Amino acid sequence: MHYAKKRFGQNFLIDNSVINNIVDSINPQAQDLMIEIGPGLGAMTKPLLSRLDKLNVIELDRDIIPKLINNCIFSDATNKDKLIVNEIDVLKFDFKVFHSNENSGKSSAEMKDLRIVGNLPYNISTPVLFHLLHYRNIIQDMHFMLQKEVVDRIVSAPGNKSYGRLSIMLQTFCTTQALFEVPPYAFEPAPKVNSAILRLQPSFQFDKKIHDFVQYEKLVREAFSQRRKTLKNTLKNICTVTQIEQAGLSPSQRAEELSVSDFVNLHDVIFH
Ligand code: SAH
């Protein structure tokens, strides 16, 4: 018996039809270079392993790791050699080093990018997403279980209440897609909120105009710091009224009226 630890955001999936839907959406191919974040007791790990030649997992809770390994081996003894456990905080895991180690000695045709999946601990989901944005060049795609409210914010378009910093940041660097909702009773213990599956595919359409990730992040954060205020007010420490106009925007607009490409253009005008 493993008692769920609150501080690790542990809510274990128990509904097999939900688990199968997630794994089907991920559509693992045997040779994929897949990493699961927060495998827990292995609810997703086991069905993923059955479709993969190998699977790396990143798990912070050292007490749960022996149970994870046992569960995976119990369902199929060959999983012993397929499952690679990295005992570390995902925020400290260097995906770049991992990617180059896995690809070392391979021709460019054989090189593989990362497929990252996980039922993320909800208390660290935003930091994890931002951490992974830095590695987007070496990522094929990502599938995450998140709070539904967070998924709504990520995929939201201008004009919606949920449109904001998260929508802009994720949509600048990825194609975002909300796949389906997952109710609280699919987990043990049941969380208080609804969950949803998010698909992210890195996209590079704006890369030429993003000159400094940290400054871009700051621009978006400041613009949304007071939703009701105009750009002229919220951005007064970041850019001039002239720069706002050069980007084709009006200083009397509010952040929530700007599209992703509006933000990218404004950043480009300020930092090119
Ligand atoms: N995937 C499992 C467990 C989800 S609960 C399932 O769906 O049933 C979230 C998991 O993330 C737990 O196993 C928890 O220990 C792990 N975790 C929490 N914080 C983490 C961190 N910073 N880095 C890596 N794993 C973490």
Side-chain angles (χ1 to χ4, degrees), residues 1-26 28 32 34-52 55-75 79 82-98 114-135 139 142-148 150-151 179-200:
M1 184 64 199
H2 182 87
Y3 295 96
K5 294 184 189 166
K6 247 205 159 104
R7 94 190 129 98
F8 289 126
Q10 291 179 347
N11 297 95
F12 302 110
L13 269 170
I14 50 165
D15 186 313
N16 277 321
S17 72
V18 168
I19 294 167
N20 289 335
N21 280 343
I22 300 171
V23 174
D24 282 345
S25 306
I26 296 168
D32 284 344
M34 196 172 287
I35 304 185
E36 186 190 3
I37 301 170
L41 293 166
M44 300 231 299
T45 320
K46 284 180 281 180
L48 288 172
L49 279 166
S50 75
R51 304 211 204 174
L52 292 165
L55 174 63
N56 269 271
V57 300
I58 301 171
E59 175 58 61
L60 180 59
D61 180 4
R62 65 157 67 193
D63 296 337
I64 212 169
I65 291 174
K67 296 166 193 167
L68 165 71
I69 295 173
N70 273 335
N71 288 347
C72 290
I73 294 175
F74 186 75
S75 77
N79 286 340
K82 294 207 242 172
L83 177 67
I84 301 141
V85 181
N86 301 271
E87 186 194 319
I88 185 174
D89 182 344
V90 61
L91 294 171
K92 299 198 178 115
F93 187 81
D94 192 327
F95 289 88
K96 183 130 191 71
V97 169
F98 174 81
L114 310 178
R115 303 197 69 198
I116 304 177
V117 305
N119 171 8
L120 292 187
Y122 294 165
N123 52 340
I124 59 158
S125 56
T126 310
V128 170
L129 292 173
F130 276 72
H131 182 63
L132 290 170
L133 283 184
H134 293 285
Y135 296 105
I139 294 175
M142 303 181 257
H143 290 81
F144 294 125
M145 172 95 73
L146 300 169
Q147 270 175 261
K148 180 181 182 298
V150 175
V151 172
L179 296 185
F180 54 89
E181 286 184 37
V182 180
Y185 59 76
F187 303 87
E188 175 60 42
K192 291 195 177 66
V193 294
N194 281 316
S195 304
I197 301 293
L198 172 73
R199 175 183 289 152
L200 297 171

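Keep in mind that this is a model prediction, so the values were computed, not measured. Both ligands and their constituent atoms are indexed starting at 1 by order of listing.
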(request) Determine, for Arg51 against Asp24, whether the closest basic-nitrogen to carboxylate-oxygen distance falls under 4.0 angstrom. (result) yes
(request) Please identify which atoms of ligand 1 are closer than 4.0 Å to at least one heavy atom of Phe12. (result) 3 (C), 8 (O)
(request) Distance to 0.1 Å, residue and atom name: give those for the protein heavy atom nearest to atom 13 (O) of ligand 1. (result) Glu59 OE1, 2.8 Å
(message) Give me the residue, atom name and distance of the protein heavy atom closest to atom 26 (C) of ligand 1.
(response) Leu60 CB, 3.8 Å
(request) May I ask you to identify the nearest protein heavy atom to atom 1 (N) of ligand 1, giving residue, atom name and distance to one decimal place in Å? (result) Gly38 O, 2.8 Å
(request) Using a strict cut-off of 4.0 Å, indicate which atoms of ligand 1 neighbour a heavy atom of Gly9. (result) 5 (S), 9 (C)
(request) Please work out whether any backbone atom (N, CA, C, O) or any side-chain heavy atom from C-beta onward of Lys5 is under 4.0 Å from ligand 1, and answer side chain, backbone, both or neither. (result) neither
(message) Can you give me the closest heavy-atom contact between Ile14 and Glu188, atom names plus distance?
(response) CG2-CB, 3.8 Å
(request) Could you tell me whether some N/O pair between Ala43 and ligand 1 is separated by less than 3.5 angstrom? (result) no
(request) Would you mind running through ligand 1 and noting each atom that sits below 4.0 Å from a heavy atom of Leu13? (result) 6 (C), 7 (O), 8 (O)
(message) I need the nearest protein heavy-atom contact for atom 19 (N) of ligand 1: residue, atom name and distance, please.
(response) Pro121 CG, 3.4 Å
(message) Only heavy atoms of Glu36, strictly under 4.0 Å: list the atoms of ligand 1 that pass.
(response) 1 (N)
(request) Taking all heavy atoms of Pro39 and all of Thr45, pick out the closest pair and write down the distance. (result) CB-OG1, 3.3 Å
(message) Looking at every heavy atom in both Lys82 and Leu52, which two are closest together, and how far apart are they?
(response) NZ-O, 3.0 Å
(message) Give me the atom names and distance for the closest heavy-atom approach of Asp94 to Val97.
(response) OD1-N, 3.1 Å
(message) Using heavy atoms and a 4.0 Å limit, tell me yes or no: is Ile124 in contact with ligand 1?
(response) yes
(request) Nearest 0.5 Å please: distance from the CG atom of Asn21 over to the CD1 atom of Ile197. (result) 9.0 Å
(request) Give, for atom CD1 of Ile37 and atom CG of Leu60, the distance between the pair rounded to the nearest 0.5 Å. (result) 12.0 Å
(request) Please confirm whether Asp61 comes within less than 3.5 Å of ligand 1 when only nitrogen or oxygen atoms on both sides are compared. (result) no
(request) Note the single closest protein heavy atom to atom 12 (C) of ligand 1, along with its residue, its atom name and the distance in Å. (result) Gln10 CG, 3.6 Å
(message) For Phe180, is the CZ atom crowded, meaning more than 12 foreign heavy atoms sit under 6.0 Å from it?
(response) yes
(request) Would you please test Ile22 and His143 for side chain to side chain contact (heavy atoms under 4.5 Å, CB included) and show each step? (result) CA-CA 8 Å; Ile22 300 171; His143 290 81; 5.7 Å; no
(request) Just let me know how Asn11 lines up against ligand 1, side chain, backbone, both or neither, with a heavy-atom cut-off below 4.0 Å. (result) backbone
(message) Please check whether Leu120 reaches ligand 1 - meaning an N/O of the residue sits under 3.5 Å from an N/O of the ligand, judged on distance alone.
(response) no
(message) Tell me the protein heavy atom at minimum distance from atom 2 (C) of ligand 1, and give that distance in Å.
(response) Pro39 O, 3.3 Å
(message) Just to confirm my output: which protein heavy-atom neighbour is closest to atom 22 (N) of ligand 1, and how far is it?
(response) Asp89 OD1, 2.8 Å
(request) For this output row, return yes or no: ring centroids of His134 and Phe130 closer than 6.0 angstrom. (result) no
(request) May I ask you to identify the nearest protein heavy atom to atom 18 (C) of ligand 1, giving residue, atom name and distance to one decimal place in Å? (result) Phe8 O, 3.0 Å
(message) Please check this pair: side chain of Glu36 against backbone of Val57, looking for a donor-acceptor N/O pair closer than 3.5 Å.
(response) no
(message) Need the ligand 1 atom indices (1-based, order shown) with element for anything under 4.0 Å from a heavy-atom of Ile58.
(response) 24 (C), 25 (N)
(message) Given 3.5 Å as the limit, does a donor-acceptor pair link the side chain of Asn194 with the main chain of Lys148, or not?
(response) no
(message) Measuring from non-hydrogen atoms of Ile88 to any atom of ligand 1, is the shortest distance under 4.0 Å?
(response) yes
